[in-house]
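Ligands are counted one by one from 1 in listed order, and the atoms in each one are counted from 1 as well. Because only heavy atoms are used, hydrogens play no part in the values below, and waters and symmetry mates are left out as well, while side chains stay in.
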Amino acid sequence: MVSVSLEDLKAKIHQLEQQLQEDQVLDPQKLQTQYLGKRGLFNTLSKAIKHVSPQDKRVAGQLLNAFKTSLQTRLQQLSDQHQSTPWVDLTAPGIQPPAGHLHPISQAIEEISRIFAKIGFTRVRYPEVDWDYYAFESLNMPPNHPARDEWETFFVEGPVNKQYGKIVLTPHTSNGQVREMERLKGKPPIRMINIARCYRRQQDVTHTQMFHQFEGLVVDKGINIQHLKGTLDYFAQEFYGPGTKSRIRPFHFQFTEPSFEVDFSCHICHGTGQIGQRRCAFCKSGWHEVGGAGMVHPNVLKAGGIDSNQYTGFAFGWGVERTYTLREGLNIDDIRLLYSGDVRFLEQF
Ligand code: DAH
C-alpha cells in the first residue's frame with residue numbers, strides 16, 4: 001500500500017490551488033462541479049487520507065478541511081464576479097443609434113415637389129437674394145408702385161444696379177417667374193414649381209421673418225382658369241386628402257389678371273363651417289385661405305420675352321408653413337416653433 005505523507009498532501013493541495021488560479025471562468029457552475037462535485041477533484045483528493053499514517057491523520061483532516069473552505073470561498077467569489085461582469089453576446093444585433101429625420105418643413109417641401117412632379121411640373125430654385133427687378137419690377141410693379149408696400153421687404157445695402165435696381169431678400173417666390181421664362185428663352189411650354197426661402201419684416205404666431213413659399217407657373221397655348229382650378233383641386237386632394245375642395249375668390253395682384261385668393265375646405269367641418277350647432281373653431285367659415293393665384297399678366301409675359309398674343313398662363317404662390325400647418329392632426333398654433341430648434345418639438349414629426 002502506498003502511503004501518503006503530509007508533504008505529499010500539501011503539494012497536491014498546492015497544485016490544485018494553482019490549477020484553479022489558471023482555470024478560465026467561463027461557466028462558474030461547471031467549475032463548482034469540477035472541484036467540489038461528488039466526483040470532483042476535492043473528493044478524489046480527500047480519498048488519499050486513507051493512506052495517511054495514523055499519527056498524521058488529524059493534521060491531514062485539518063489541511064483538507066481548510067482547503068475545502070478556501071475552495072468554497074474562492075468558487076463563490078468567482079461566481080459573484082462572473083455575474084457582475086456584463087455578458088456580451090457578440091452575435092446579437094447592435095444597438096441602433098438614434099436616427100434623426102428631415103425637418104417637418106423639408107418633409108413638406110419634398111411632398112409638395114412630388115405632388116407637382118406627378119403632373120409634369122419641374123422643380124426649380126431661384127435666388128433668395130435677388131434684384132428688385134425680378135422681385136417687383138418685372139412683375140408689373142414699377143419703382144414706387146404702392147402695391148410693393150404689401151411685401152414688407154428687407155433691402156440689402158449695396159450699389160444699385162442701373163438695370164436691375166436694388167438687392168432684396170426675396171419677399172416671395174414670384175421672382176422665379178420671369179427668371180424661368182428667361183431660362184427657357186421665352187419659349188413655352190413652362191411648368192415650373194419654385195420652392196424657396198422668403199423674407200419679410202414681420203414676426204408673430206402666424207409669421208416668421210424667414211419662411212418658404214412654393215410658386216407654380218404654367219405657360220402654354222390655350223391655358224385658362226379651368227387649368228388653374230383643376231390644378232388647385234388636384235393639389236388639395238393630394239396634400240390634404242380625398243374630399244378636400246378648393247375655392248377661388250376675386251382679389252388683386254399686379255402680376256396676374258384676373259387675380260384670386262385660394263381657399264381649401266376645412267378638414268374638421270368639411271367646408272360647412274359648423275360642427276353640430278356650433279361654429280367650427282378651427283376655420284370659423286368652412287375654408288382656410290392659403291395664398292394667391294391668377295392668370296399671368298401680359299406685362300409679365302412680355303418681361304419674360306413671351307408673346308402674350310400667342311400664349312397665356314396661370315400662376316400661384318403660397319406659404320409652405322401655412323399650407324403644412326393646416327394639415328389634419330397638426331394643430332401647431334405658433335408657427336415660430338418650427339424654427340425654434342427645439343428637438344422635443346421637432347421629434348414629434
Ligand atoms: N407672390 C404673392 C404673395 O407672396 C402670391 C401670389 C399671388 C403668387 C398670385 C402668384 C400669384 O404666383 O399668381 O403674396
Side-chain angles (χ1 to χ4, degrees), residues 112 116 121-128 130-141 145-154 168-181 188 190-202 206-220 223-232 235 246-264 288-304 306 308 311-324 326 335:
I112 293 164
F116 283 106
F121 283 65
T122 304
R123 166 92 196 267
V124 294
R125 262 184 99 164
Y126 285 112
E128 292 161 357
D130 206 353
W131 299 110
D132 175 296
Y133 173 79
Y134 289 105
F136 293 115
E137 202 169 339
S138 66
L139 296 172
N140 201 26
M141 285 183 275
H145 194 284
R148 288 170 167 239
D149 291 352
E150 274 177 52
W151 289 272
E152 301 177 288
T153 312
F154 286 108
V168 300
L169 302 189
T170 48
H172 56 180
T173 42
S174 303
N175 69 315
Q177 292 197 14
V178 168
R179 281 194 172 273
E180 178 72 353
M181 295 177 200
I190 293 175
R191 243 185 253 134
M192 78 150 197
I193 191 84
N194 173 32
I195 312 183
R197 285 189 198 90
C198 303
Y199 303 86
R200 290 190 199 176
R201 289 184 287 111
Q202 49 185 9
T206 53
H207 296 94
T208 47
Q209 289 174 327
M210 186 284 300
F211 59 103
H212 297 77
Q213 280 192 344
F214 59 108
E215 182 93 8
L217 175 70
V218 171
V219 182
D220 207 346
I223 295 293
N224 60 45
I225 297 177
Q226 300 272 31
H227 298 116
L228 167 63
K229 186 67 169 67
T231 307
L232 299 178
F235 179 77
S246 77
R247 176 174 88 169
I248 51 178
R249 287 178 289 107
F251 200 70
H252 174 262
F253 293 105
Q254 277 295 111
F255 35 96
T256 40
E257 182 57 40
S259 303
F260 310 102
E261 275 195 320
V262 180
D263 301 338
F264 289 135
H288 294 288
E289 188 232 311
V290 290
M295 300 305 293
V296 183
H297 195 287
N299 286 352
V300 178
L301 291 173
K302 222 172 283 163
I306 293 176
S308 61
Y311 294 101
T312 49
F314 70 76
F316 55 84
W318 310 318
V320 174
E321 287 79 356
R322 166 119 182 111
T323 305
Y324 177 67
L326 287 176
I335 211 167

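By heavy-atom distance, the residue among Arg200, Glu150, His252, Gln177 lying nearest atom 4 (O) of ligand 1 is Arg200.
In this structure, the protein non-hydrogen atom closest to atom 12 (O) of ligand 1 is Glu215 OE2, 2.6 Å. Shortest contact from atom 8 (C) of ligand 1 to any protein heavy atom: Gly317 N, 3.3 Å.
Under a 4.0 Å criterion applied to the non-hydrogen atoms of Gly294, ligand 1 contributes the atoms 13 (O). Residue contact check: Thr256 has heavy atoms under 4.0 Å from atoms 13 (O) of ligand 1. Under a 4.0 Å criterion applied to the non-hydrogen atoms of Phe255, ligand 1 contributes the atoms 1 (N), 2 (C), 6 (C), 7 (C), 8 (C), 9 (C), 10 (C), 11 (C). In summary, the atoms of ligand 1 found under 4.0 Å from a heavy atom of His172, numbered by their order in the structure, are 1 (N), 2 (C), 4 (O).
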Item to complete: Take Arg179 and Asp130 through the salt bridge (charged side-chain N to carboxylate O under 4.0 Å, His left out) test and state the conclusion after the steps.
Response: CA-CA 11 Å; Arg179 281 194 172 273; Asp130 206 353; 2.8 Å; yes
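Using bins of under 30°, 30° to 60° and over 60° for the plane-to-plane angle, the ring pair Phe264/Trp318 lands in the perpendicular bin. The aromatic rings of Phe235 and Phe116 lie parallel to each other, with less than 30° between the two planes, well short of the 60° mark. Taking the six-membered ring where tryptophan is involved, the planes of Phe214 and Phe316 are perpendicular, since the angle between them exceeds 60° and thus also 30°.
Across all non-hydrogen atoms, the minimal contact from Ser246 to Leu232 is OG-CB, 3.6 Å. The two residues Ala147 and Gln254 come nearest to each other via the heavy atoms CB-CG, 3.7 Å.
Only the side chain of Trp151 comes within contact range of ligand 1, with a heavy atom under 4.0 Å; no backbone atom does.
One finds a salt bridge joining Glu261 and Arg249 here, because a Lys/Arg side-chain nitrogen approaches an Asp/Glu carboxylate oxygen to under 4.0 Å.
At least one heavy atom of Ser174 lies less than 4.0 angstrom from ligand 1.
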